J.: 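Sending over a structure as structure tokens; questions will come in a sec.
Note that this is a predicted model, so its numbers are computed, not measured.
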Amino acid sequence: MSNETAPGQRSIVVAMVVWAMGRCAREQLDADVPTMVSATKRSQRLYQLARGFAATGRDDPVAVAALRAAAGRHRMDLRRAAARVRMSGWATEGPIAYLANQLLLAAATDRPVRAVTPELDDWFQRIRQLDRGTVGEVFARLAAMQPLLANVERDVIAESEALGATSTDSRDSAAAAEIRTYIRTALGSLVGPGADADEPLLRSNAAYRNASLHLNSLLK
């Protein structure tokens, strides 16, 4: 019996793979925080246009109509642009990304722009307050809320000092890569969207970004 796949069977397999990839791509367009979005030149232009409107506080029907006109009959590109905005995670943590996402979704689905509520505005202000200062200062504020972060910092400092004493090119060594892996693993349960924490600030993308930047900056 031949092990070769018949042409008809190959076509079926290819069709199934293409269908599965298309379904995954469509699901990503609707995800709260997409991990992969296929961009087009048009969706990139729409992304920039929406960000520009959002940066100046535009949430009016004229801005929505401008986005819809720029997309023409390619409504899917509006959704692609919105998904790209949400990929960063900032659509729930910053007013510009939030509004850009809302403008694009309004243009794509013919629904009104969802205005920032007082509760959401308060949340954005809390994120801004957390994000003030250097990454070291932000880390100190996070460590006050989650003391285990101080343990991770001590571990990284100790490992970095040991690494610096034995390597002339410590930043690019395999040992340095292991420390970075340790940082990612340790932070995963302490800060960021996957954190096991009651405090919303600890579960924010801003918390993870600042903690990661600070700890990685300790590598000598």
J.: Of all residues at least two apart in sequence or in a different chain, which pass the side chain to side chain donor-acceptor pair (under 3.5 Å) check with Gln146?
T.: none

J.: For residues 44-55, pull every pair meeting side-chain hydrogen bond (donor to acceptor under 3.5 Å, both in side chains), keeping only residues two or more places apart or in separate chains.
T.: none

J.: Please check if the side chain of Arg86 supplies one atom and the backbone of Ala31 the other of a donor-acceptor pair under 3.5 Å.
T.: yes

J.: Mind checking side chain to side chain donor-acceptor pair (under 3.5 Å) for Arg141 and listing every partner two or more places apart, or none if nothing turns up?
T.: none

J.: Tell me, please, which residues at least two apart from Ala50 pass side-chain contact (heavy atoms from CB on, under 4.5 Å).
T.: Leu67, Ala100, Leu104

J.: Do Tyr182 and Leu142 belong to the same hydrophobic cluster, where Ile, Leu, Val, Met, Phe, Trp and Tyr are linked whenever their side-chain heavy atoms lie under 4.5 Å apart, directly or via other members?
T.: yes

J.: With side chain to side chain contact (heavy atoms under 4.5 Å, CB included) as the criterion, how do Ser212 and Leu187 come out once you've worked through the C-alpha distance, each side chain's angles and the decisive distance to 0.1 Å?
T.: CA-CA 8 Å; Ser212 178; Leu187 289 182; 3.9 Å; yes

J.: Do Glu153 and Leu215 have side chains that approach each other closer than 4.5 Å (heavy atoms only, starting at C-beta)?
T.: yes

J.: With heavy-atom distances below 4.5 Å as the criterion, would you say the side chains of Leu130 and Glu93 are in contact?
T.: no

J.: For Arg111, check side-chain contact (heavy atoms from CB on, under 4.5 Å) against everything at least two apart and list the hits.
T.: Gln102, Leu105, Thr109, Arg114

J.: List in chain and number order the residues that pass salt bridge (charged side-chain N to carboxylate O under 4.0 Å, His left out) with Arg75, two or more places apart in sequence or in another chain; answer none if no residue qualifies.
T.: Asp110

J.: Excluding sequence neighbours, so at least two apart, what forms side chain to side chain donor-acceptor pair (under 3.5 Å) with Asp77?
T.: Thr40, Arg42, Arg80

J.: Applying side chain to side chain donor-acceptor pair (under 3.5 Å), can you list everything that pairs with Thr185, at least two apart in sequence or on another chain?
T.: none

J.: Are Ile96 and Val113 connected into the same hydrophobic cluster when the rule is that any two of I, L, V, M, F, W, Y join if their side-chain heavy atoms are below 4.5 Å apart?
T.: no

J.: List the atom pairs, with distances to 0.1 Å, where a side-chain N or O of residues 191-201 and a protein N or O form a donor-acceptor pair under 3.5 Å, not counting sequence neighbours.
T.:
| unit_1 | atom_1 | unit_2 | atom_2 | d |
| --- | --- | --- | --- | --- |
| Glu199 | OE2 | Arg126 | NH2 | 2.9 |
| Glu199 | OE2 | Leu201 | N | 3.0 |

J.: Residues sharing Val135's hydrophobic cluster, by side-chain heavy-atom contacts under 4.5 Å among ILVMFWY, directly or via others?
T.: Leu213

J.: Check whether Phe124 and Tyr208 end up in the same hydrophobic cluster, where Ile, Leu, Val, Met, Phe, Trp and Tyr are linked by side-chain heavy atoms less than 4.5 Å apart.
T.: yes

J.: Does a side-chain heavy-atom distance below 4.5 Å link Val156 with Ile179?
T.: yes

J.: Could you give all pairs that pass the salt bridge (Lys or Arg N to Asp or Glu O under 4.0 Å) test and reach residues 203-214, with sequence neighbours left out?
T.: Asp131-Arg209

J.: Return the set of residues passing salt bridge (charged side-chain N to carboxylate O under 4.0 Å, His left out) with Asp60 (not counting sequence neighbours), or none when no residue passes.
T.: Arg58

